[in-house]
Amino acid sequence: MLLKSLVFLILTTLLVAGCGGGSTNNATGVSKLAQSQKCMDASCHAGSVSPGTGALIVQEWKNSTHNLNNGAGCADCHEPHPGHPESCAKCHGGGSGVATQNPDAAHKCNKCHGLAHPDDIQVRLAPQHFGNMTASINNSTYRASYLSSNYIGNCRKCHNPHDPTSAMAANAEWAESGHGDVLAGARTRYEFKTRGSYEPVNKTFQYYCVRCHTSTGYINFVTSGFSDIRPFAGPGYAVVQNYPVKVAAGAAQPADAPSPDKTKEVTACNVCHDNGAGRAYNWATRAVPAYRGYYNFSSANSSPTVKLNDKVTVYPNLNDSNVCIPCHSGRGVGTMINDAQAAGMDFSNTTAPGAHDRAAATLIFETGGYEFPGRNYVPTRFLHGSIGLANTRGTGYAGPCATCHMKTPTPHGFLPVTKDSTGKIASIVSTACAHCHTGDPVQLTATTLQTEKDGYAAAIAMLNVLKTDSTLPVNPLNPTRSKVRPLANRNSDYNAAFPGGGANTMGASFNSSLLQNDPGAFAHNHQYVKRLIYDSMDWLNNGVLDNDVEAAINNATLAVNSNTGKVSLSNPIMGGSYITAQVPGVAYAAAFAQVKADAITWLLGGPGGGRP
C-alpha cells in the first residue's frame, strides 16, 4: 500500500517526464509548448473542446505535466502527417494533411509508457498498471492489473487524455482503496471474468461473479437492466465459461478452466463514472437505475433439491448511490431460508444460502438478515436509509452510500473515518455524520465510534462461540465442534443441535456470516444489527427464543483443542486474537471475561439489560 501511495504522489509531477516519443525537437531546446503553439492558434484548435469534459483542449493540455514538465506536445501524440494542416499538401509534397484523431486507441501512449520503456515511471514504480500474468504472488494466483486486456488502448477510461494530471490525487486515493487493490482476493482468487452465465439472471444457478469482480462485467450488468451476466474475454481472446456442476458425494468442484486471456480487472474509474456516451473522464457519476436483484439458490446434493429463483428484491432509488447497490447487496438474504422451508428443505442434509461479503445495502434497507418468527426488527430510530435523499437534514441528494463514504477530504478512498497504525478509528472525516450526530443522543467522536466497533466485535465473537458446543466429541468433519454438523457429502445437518429447528439454526449461521463480513454493520443499521445478533444468540443457546442471552454469554465456554490442550478466540472484526492459543488459566479467564462483558454492554446496554 505504501508503494501505491508513493507512486501516485510522484506521478502528480513526474508522470510523463522524458516523454516525446523519440522527437528530436527537445534536443534543440525548443519546448513542447513552443512546438505546439501553431496547433493552438485561433485558426486551428484554439476553440476545440474535449468530447469527454466539454472544456477547451488547449487549456487542459496546458494544465498537464505533458506541458508543465515538457513531456509531450500535440504532435507527439497526434502525429500529423507532413504538410498538416496545409491543404496543398494533400496534392503536393506527398502529405495527407491528416493527424491521428485518437492517439489512445491507436496505442500512441505506448511511445512513452509501458513495458517497452523500463525507465517509464509507471513501469518502475507503478507496475500494478500492467500486472503480472505468470508469476505467483504471495503464494496466491497472479495479480490483477489496471490495464487488463479490455483497457489496452483505453487509457481514457481512467485518465483524461489531454490532462492526466489534475485527477491524479483521486487516482492515488482509489489505488489505496479496495477497488484498486490488484492483490486482493476479490480480484485474484478466481478467473472472475469466466465466472458468468448465459442463462437468464432471474433463473440461473450458475456463477455470476463477473458482475461485481470485474469492471467489464459490472458495466455490462448495469447497462443491460441488470440482466447481462455473461463471461467475457479481452479483444481477440476466446471466451471461457466456468460454472458450478453437480459432483458426487464428498467430491470437490473441478478447477476453473484456464482462460487464454490472463488479465484480471479491478473496479476501474469507468465503473462509477460515465457521461452517458461511454466516456469516464469528465467524472460524471454513471447513471444506474434503482437496483432490482434476484437471489437464486439450489440445494445441491440434497433430496429434495430445493431451488429458489425468480423472486425479485427491489431497492429504492438512491440517485448516485445506485452505483454501489448491485455489488453491496450480497448474494443471499434471510428470507430465502423461509422460502426454502416452505419448499420442503431437508435441514438435516443440505447446503445453505450465503450473504457473501460487504452486503451493507441489505442491512441499511433491512432486506438481508434472517428474522426469527415473532420478533420485531423495525428500528425505533433510524435515518441512515434516507441520508442524501431529498436533502434530508441537509445531507443533499447523492444517496446514503456516496454521502457517507465520499463527503470526505479523500472521497475516492471511500472511508468515512481514518485509522491509526493499529486499525483503530483515529478521526471521523465524513461531513455527513455531523448533520445528525451532534449531541444526539451523544456526541459522535472517534472514541465513541471505536467503542461501538469494539462492542460489535465482542458481540460477533460471542455469537461465534455460541455457534459451537464445547462438549461435542472431536470429529474430523467437525473440528470446531460446530452445532451445524458437517456431513461427508459436503452438506450439513442444521437439525443436529435442535431437532426440527433447522431453519432457525441456519438463520443464525446466516446472520453470523452476513454481519462479520460487513465490518461497518454496527454503523450501517445499529439497532437492526443488534437484534439480529441477539436473537441468533438466543436461539443458539438452547433452541428457544426465551431472552436468556446474558446468561448464554456468561455461561459460554471455549472448546479445548484436543491436539494441543489450548484454547483461543479470534477478533472477527478488528483482526488478530482476543485470546492467543494458550492453556486455560488465569490470563485466559480474565481475557474471556472481558470479551463477555464488552458484548453484554454493547448488546444489552449492560448487565440486566433486555433485547435491544
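Everything quoted here is computed from the prediction, not taken from an experiment.
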A.B. asks: Indicate yes or no: at least one non-hydrogen side-chain atom of Asn296 is less than 4.5 angstrom from one of Lys307.
C.D. replies: no

A.B. asks: Look up atom OG1 in Thr403 and atom OH in Tyr397, then write down how far apart they are to the nearest 0.5 Å.
C.D. replies: 11.5 Å

A.B. asks: Give a yes or no answer on whether the side chain of Lys453 reaches the backbone of Pro519 with a donor-acceptor pair at less than 3.5 Å.
C.D. replies: no

A.B. asks: As a quick check of understanding, evaluate side chain to side chain contact (heavy atoms under 4.5 Å, CB included) for Ser568 and Leu558, giving each step before the final call.
C.D. replies: CA-CA 8 Å; Ser568 62; Leu558 296 178; over 6 Å; no

A.B. asks: In a check of side-chain contact (heavy atoms from CB on, under 4.5 Å) between Arg485 and each of Leu472, Asn475, Leu477, Asn495, which one passes?
C.D. replies: Leu472

A.B. asks: Do Asp538 side-chain atoms and Asn547 backbone N/O form a donor-acceptor pair below 3.5 Å?
C.D. replies: yes

A.B. asks: What is the ring orientation for Tyr456 with Phe522, classed by angle as parallel under 30°, tilted 30 to 60°, or perpendicular over 60°?
C.D. replies: tilted

A.B. asks: Short question: side chain of Thr408, backbone of Pro416 - any donor-acceptor pair under 3.5 Å?
C.D. replies: no

A.B. asks: Supply the atom-to-atom distance Asn317 CG to Tyr291 OH, rounded to the nearest 0.5 angstrom.
C.D. replies: 15.0 Å

A.B. asks: Among residues two or more places apart or on two chains, list those pairs meeting disulfide bond (SG atoms under 2.5 Å apart) that have a residue in residues 325-365.
C.D. replies: Cys212-Cys327

A.B. asks: Spell out, as yes or no, whether a donor-acceptor pair under 3.5 Å connects the side chain of Tyr528 to the backbone of Gly369.
C.D. replies: yes

A.B. asks: Donor-acceptor check, side chain of His384 to backbone of Ala523, threshold 3.5 angstrom: yes or no?
C.D. replies: yes

A.B. asks: Report yes or no: does Glu550 contribute a side-chain atom to a donor-acceptor pair with the main-chain N or O of Ile600 at less than 3.5 Å?
C.D. replies: no

A.B. asks: Taking the side chain as every heavy atom from C-beta outward, state whether Arg531 and Asn376 have any pair of such atoms under 4.5 Å apart.
C.D. replies: yes

A.B. asks: Quick one: does Met537's side chain get under 4.5 Å of Leu603's, heavy atoms only?
C.D. replies: yes

A.B. asks: For Ala361, does its backbone N or O pair with a side-chain atom of His328 as donor and acceptor, under 3.5 Å?
C.D. replies: no

A.B. asks: Describe, in one word, how the ring planes of Tyr370 and Phe372 are oriented to each other, choosing from parallel (under 30°), tilted (30 to 60°) and perpendicular (over 60°).
C.D. replies: perpendicular

A.B. asks: Taking Ile325's backbone N and O only, do any of them form a donor-acceptor pair with Ser329's side chain (distance below 3.5 Å, no angle check)?
C.D. replies: yes

A.B. asks: Mind jotting down which residue pairs meet the disulfide bond (SG atoms under 2.5 Å apart) criterion with at least one end in residues 382-487? Sequence neighbours excluded, please.
C.D. replies: none

A.B. asks: With a 3.5 Å cut-off and no angle check, do the side chains of Thr380 and Gln527 form a donor-acceptor pair?
C.D. replies: yes

